[in-house]
Asks: 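After the structure tokens below, expect a handful of questions from me.
Residue indices begin at 1 and follow the sequence shown.
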Amino acid sequence: MTAFTATVTVRLKHGVLDPEAETTQHSLERLGFELDDLRSADVFELDLEAEDADSAADRAEEMAERLLANPTIHDYTVEVDQAE
């Protein structure tokens, strides 16, 4: 078994109300920053043991589908790196 770190990034789908991002965007614009759009995201770092990177990614995908993300309102990405 090898140690891996899987990073799962969960975002609301386009069109789903994101009040946190909306408030932050307005605040940034008041500070003089120009933005086309801003979305908030949750990032989960999972340290796990697996046979290989594909197996680690499969486990992280299952965790995202079963608990970390709601597929009705969220999109998510999974990135896996071998732990150092």
Asks: Suppose clustering is done on Ile, Leu, Val, Met, Phe, Trp and Tyr with side-chain heavy atoms closer than 4.5 Å. Which residues sit in the same group as Val16?
Replies: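 Besides Val16, the cluster holds Leu12, Ile73.
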Asks: If you look at every heavy atom in Lys13 and Asp75, which pair is closest and at what distance?
Replies: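 So the two residues come closest at CE-OD1, 3.4 Å.
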Asks: How far does NE2 of His74 sit from CG of Asp42, to the nearest 0.5 angstrom?
Replies: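 If we round to the nearest 0.5 Å, His74:NE2 and Asp42:CG are 7.0 Å apart.
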Asks: Of all residues at least two apart in sequence or in a different chain, which pass the side-chain hydrogen bond (donor to acceptor under 3.5 Å, both in side chains) check with Asn70?
Replies: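 Thr72.
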Asks: Do Asp37 and Arg39 have side chains that get closer than 4.5 Å, going by heavy atoms?
Replies: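 They are in side-chain contact.
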Asks: If you look only at distance, which donor and acceptor atoms sit under 3.5 Å apart when one is on a side chain in residues 1-11 and the other is two or more places apart or in another chain?
Replies:
residue	atom	partner	partner atom	Å
Thr5	OG1	Asp47	OD1	2.9

Asks: If you measure from CD on Gln25 to CZ on Arg30, what distance do you get to the nearest 0.5 Å?
Replies: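 Here the rounded value is 11.0 Å.
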Asks: If I compare all heavy atoms of Leu46 with all of Met63, which pair ends up nearest, and what's the gap?
Replies: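 Minimum heavy-atom contact is CD1-SD, 3.7 Å.
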Asks: Excluding sequence neighbours, so at least two apart, what forms side-chain contact (heavy atoms from CB on, under 4.5 Å) with Glu22?
Replies: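 If we apply the side-chain contact (heavy atoms from CB on, under 4.5 Å) test to Glu22, skipping adjacent residues, the hits are Leu17, His26.
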Asks: Report all side-chain donor-acceptor pairs from residues 51-62 shorter than 3.5 Å, counting only partners two or more places apart or in another chain.
Replies:
residue	atom	partner	partner atom	Å
Asp52	OD1	Asp54	N	3.3
Asp52	OD1	Ser55	N	2.7
Asp52	OD1	Ser55	OG	3.0
Arg59	NH1	Glu49	O	2.7
Glu61	OE1	Tyr76	OH	3.0
Glu62	OE2	Arg66	NH1	3.0

Asks: Taking everything shown except Glu79 itself, do over 12 heavy atoms lie less than 6.0 Å from its CD?
Replies: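 For Glu79, atom CD is not crowded (no more than 12 foreign heavy atoms under 6.0 Å).
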Asks: Who passes side-chain contact (heavy atoms from CB on, under 4.5 Å) against Leu31, sequence neighbours left out?
Replies: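 In terms of side-chain contact (heavy atoms from CB on, under 4.5 Å), with neighbours along the sequence ignored, Leu31 is linked to Phe33.
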